[in-house]
Structures are given as C-alpha cells and as structure tokens.
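Index from 1, following the sequence. Atoms considered below: every heavy atom in the structure, side chains included; atoms not considered: hydrogens, waters and symmetry mates.
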Amino acid sequence: MAEEAKSKGNAAFSSGDYATAITHFTEAINLSPTNHVLYSNRSAAYASLHCYEEALSDAKKTIELKPNWSKGYSRLGAAFIGLSKFEEAIDAYKKGLEIDPSNETLKSGLADASKSRVSSKSNPFVDAFQGEEMWAKLTADPGTRVYLKEPDFVKTMQEIQRNPNNLNLYMKDKRVMQALGVLLNVKFGGSSGGDTEMKDADVRKEPEPEMEVEVEPMELTEEEREKKERKEKALKEKEQGNVAYKKKDFERAIECYSKAMELDDEDISYLTNRAAVYLEMGKYEECIEDCDKAVERGRELRSDFKMIARALTRKGSALVKMAKCSKDFEPAIETFQKALTEHRNPDTLKKLNDAEKAKKDLEQHEYYDPTVAEEEREKGNGFFKEQKYPEAVKHYSEAIKRNPSDVRAYSNRAACYTKLGALPEGLKDAEKCIELDPSFTKGYSRKGAIQFFMKEYDKAMETYQEGLKHDPKNQELLDGVRRCVEQINKANRGDLTPEELKERQAKAMQDPEVQNILSDPVMRQVLVDFQENPKAAQEHMKNPMVMNKIQKLVSAGIVQVR
C-alpha cells in the first residue's frame, strides 16, 4: 500500500499537482515511516508550493534516516534557499558533495546558493521581507490588510520573501509598492500614468505619531475553528487506522476509520479505507455498502473522480469475491466498467479483464460435457455423409463448445469448411488440431489439403512433410507430397497456362517471405546477374542461402527456368 501511494504521489508530482502529491506521500509515510525516499519526495513537493518550512522539516528527516544519501542534502539546501538562509544552504550542499563529489545537482545548488548570498548582501530591501514580521506589519496596516485576502497578492509577497532580488519584477503592482512602503516606513508617490513609482523617499528616523488604528484580528470563527479541529482529529484517526491495517489489526482499523467519519463527513477516503478493511476480512456486504456510500457522498461533494473510481473498483473486487460462490461475475464486470468511466486506471482495467476471463472460464466449465460433445460430433458426421455441410458445421461447433480439447471435432469441421469453400476458416481449424495434438496426423492432412486448394504448393509440401515426421508411412500424407511435387514441377517446366501463371504469381506476391526476398537489394542484384552476367550467376549458385531464395522464387512462379 505504501508503494502504491508513493507511485500515485510521483505521478501527481510529475503532472504538477503538488498538493495531491503531498497527500499521497503523507499516506505512504504513515504506512512506512522509516522510508527516507518518501520524506525526500514530500520535501520536493512542499518546496514546489513554496512551503519551505515544511520542506526543511522533511529534508532534515530524510538525512536523519539516511545520513549518507546525497539527495537528502540537495533537498536540505533547496529548502534553505527558499527560506533565504543562504549560509545554511551552502553548508548543506557542501556536505552533500563530500558524499558524492561528482553530483551535478549539488554543484548547481551550491553555485545558486553562493550567488544568492552575494546578491542578498547588496540588496537593501532583504531585511524588510524576513520572517513573520513582514506579515505582521502588512496585517497591522489598514491599507495592506485588505490585500491579504487576495491570493495572488499573497503569492507575490511569498515569492518576494523567498527571493527579494525579484522585487523589480513587481514594481508596477501598486499593492506591492504600497506594501514596500509599509515595510520600509517610506512614503511613495504615484505617477500620473497610473503606475506606482518610487519618488523622493522620506525616510523618517523619528516616526511621527499616527492615529491609533484598531487592528482587525485575522482569526477563525468559532465554527471554523471547531471544523478545523475536527478535521485534524479525523486525519489522526485515519493515520492510526492505517497503522492498524498494516499490522492486520482490522478491528482497531475499523474503529479508527469510523471515528474519522464521525468527525469529518467531507472526506470519502475514510469510507473507502474502511471498505478495504472489510474486504480483507471477507465482509463483502459491508465493503459494498461503504463503497456505495462513498460514491453517493463523493458525488454530493464533487470529490475527485479518482476517489469515486477507487470506491467503485473496491466494490468490484468485493463482487468478484462473492461471484466465486454465486457464479455471477456480471455485477463485478459492470462495476469495473463504471470505475473506468470515472478514471482509466491500469489496475482497474486488469481487474476487469480478470473478471471477464473468470466469467468465460466458468461458462466453459459449466458447459463442458464430453458425452454431449460426442453425441453432437456423431450428428455432424451424419449430416456430412448426407453432404449437408452447413448442418454438419452447426453440430461440430456445438461439440467443440462442449469439449474444446477434442481434436476430432476441429478436424471434421475443417473438412466441412473445405467442402463449403470457406478455406481460411478450415485452415484455422486444422491448425487448432495440430496445436492441441501435434501427433494427430489428420490435422496435417487437413491443413495440407487446404493449402493445396489455395495453390500454396510449397506450404502444403512443408505441412505434409511435417506430418510424415510423426507417421512416415501415412498414405494420405504421401499422396499429398506427390501432388505438390507434380504441381511444382509443372510450374518449373513452364507448363502453366498464362492465366495460371498470372494467378500463381499474384498469390505469391502476397507471401511475406517472397516480398522480403524481392525487397532485398542483394537479391535484386543477383536476379539481374542471372539475366545479364552468367559468370557472376555461377558464383551466386555456390551460395546455399542465395540458392534457397532463388528456389523459393522459382516455386512461386516469380522466376522461370528455361
């Protein structure tokens, strides 16, 4: 489960959804709290959201768990740079390079930290943006307090706080300039064009008395505070449930997930987690009930479609377990299909394929009846003798359904298809005979005969010869070889009519082996030499591989020997 959560976190991180990545990495950490890679990954996700305090905490944990892992120091350095603590960042990168001196990421990080340290010392505004004091000043000032309710302003100030050297990028934002004035206790004037620009700065060493303004505290309402506390308690219960689940303490896990649900009914993961426990315990009805509730509640809350899909997949898994007793896989198949319409997850798709295969296997097993199969085959034989081939095919097909391993039914149906002129279908049945029983010589004679009727004499010859390996004295196979030799010799002598030759060449050109020979530049030159350069042709004839290909073209009617 930890590895699954980690994979989901990596996928979310790769797509730029860092918040979701943090959620999955946290889930993985709860399941595997000593895995240093998980803390490293979460540190990177926090840093991507500019949550550098959290990124720093995870980086330190990474190093605590794996002190000799260079990437941990890379994470630590990045977090320190985000916090504008360049000296600490430099130390972190240097320690990492002591472990892995050739690491390019650490080298690049060290260069960036050193450059930022120099820039920060030359920037007079750096101190103004440090620590919580910046936010306190902006909150206290009536003019900038209202801006703190605007997410884009907060994000901008966080970016400037992370790297004050970027201040010039936001000089045209009136809000930023007003905030800068508050932080530096400097008056700024506005330009006539509407853009804010720095005028003569009146730096007041002794500030004039100002009207006392009642600071409006940015506090949560009682209801909001209670809701936040409940959510935090619910998450703790979930974490405890995850730990219990990992230890297979299912009763404790259910208790924790149930408490989490009571505290917070806006997170359907508590329901899906409890459903997973019920599934593990074999309480499939309870699992399905929780999954249905999760889907219903998730739609009400407009939850992530992946969460809906997870609930449906879990329900499908429970239905598969129940189907082993009820022998009805259809509800599970329908549920997996619904899950895939929400999110096409490879795991869900595999579960669907497995369920469909189980259904098919069950149907075949229930339908299997060798006695009935023998009766149907005999009925087919009767119709075959009466030359009622469509009826014979019907009974042979039923015999195959009743006993899919009976080579005789395939062989007999192949003979019917041959009589009906359905040669591709007959060829497929003949090949199935050989697949089921390579020693069944009738399969080779059926296949060879069909290839002969398709005027693929070389292939028919190969088939008959393969059959003779199992039964060297089989007269039917020997007769087949003789007929093939006659047709091949007839073609080699040029005794074919123009229509026959044209038809044979057209069929040969569809053969992939012939196509490969003709597309080979070497063989094209060989053919030219046979026509124009007899001396070179004699040299080619000494090469067995070339001669085999020439013989193939001769047999196919592409090359004629006079």
Is there a donor-acceptor contact under 3.5 Å from the side chain of Tyr73 to the main chain of Asp91?
no
Rounded to the nearest 0.5 angstrom, the CG-CD distance for Asn35 and Glu3 is 8.0 Å
Please give me the minimum heavy-atom distance between Ile288 and Lys315, naming the atom from each residue.
CG2-CE, 3.8 Å
Under a plain distance cut-off of 3.5 Å, with no hydrogens placed, do His365 and Tyr367 share a side-chain donor-acceptor pair?
no
Pairwise distance CD(Glu300) to CD(Glu266) - rounded to 0.5 angstrom
11.0 Å
About how many Å separate CG of Asp361 and OH of Tyr368, when rounded to the nearest 0.5 Å?
14.5 Å
To the nearest 0.5 Å, what is the distance between CG on Leu319 and CZ on Arg314?
13.5 Å
In terms of ring plane angle, is the pair Tyr147 and Phe153 parallel, tilted or perpendicular, where the classes change at 30° and 60°?
tilted
Set of residues satisfying side chain to side chain donor-acceptor pair (under 3.5 Å) with respect to Ser40, sequence neighbours excluded:
Arg75
Heavy-atom pair with the smallest gap, counting every atom of Tyr39 and Pro33
OH-O, 3.1 Å
Under the ring-ring contact (aromatic ring centres under 6.0 Å, His included) definition, can you give me all pairs with a residue in residues 293-313, not counting sequence neighbours?
Phe305-His343
Quick one: closest heavy-atom pair of Ala339 and Leu312, and the distance?
CB-CB, 3.6 Å
Return a table of donor-acceptor pairs under 3.5 angstrom between the side chains of residues 21-29 and protein atoms on other chains or two or more places apart.
unit_1 : atom_1 : unit_2 : atom_2 : d
Thr23  : OG1    : Ala19  : O      : 3.2
Thr26  : OG1    : Ile22  : O      : 2.7
Thr26  : OG1    : Arg42  : NH1    : 3.1

The reported gap from CD in Glu98 to CG in Asn68 (rounded to nearest 0.5 angstrom) is 13.0 Å
If only side-chain N and O atoms count, and only distance matters, is there a donor-acceptor pair under 3.5 Å linking Thr313 with Lys351?
no
Measuring only between side-chain heavy atoms, which start at C-beta, is Lys360 closer than 4.5 Å to Glu356?
no
Minimum heavy-atom separation for Ala89 to Ala113, with atom names?
CB-CB, 4.0 Å
Quick one: pull up CG in Leu180 and OG1 in Thr144 and give me the separation to the nearest 0.5 Å.
11.5 Å
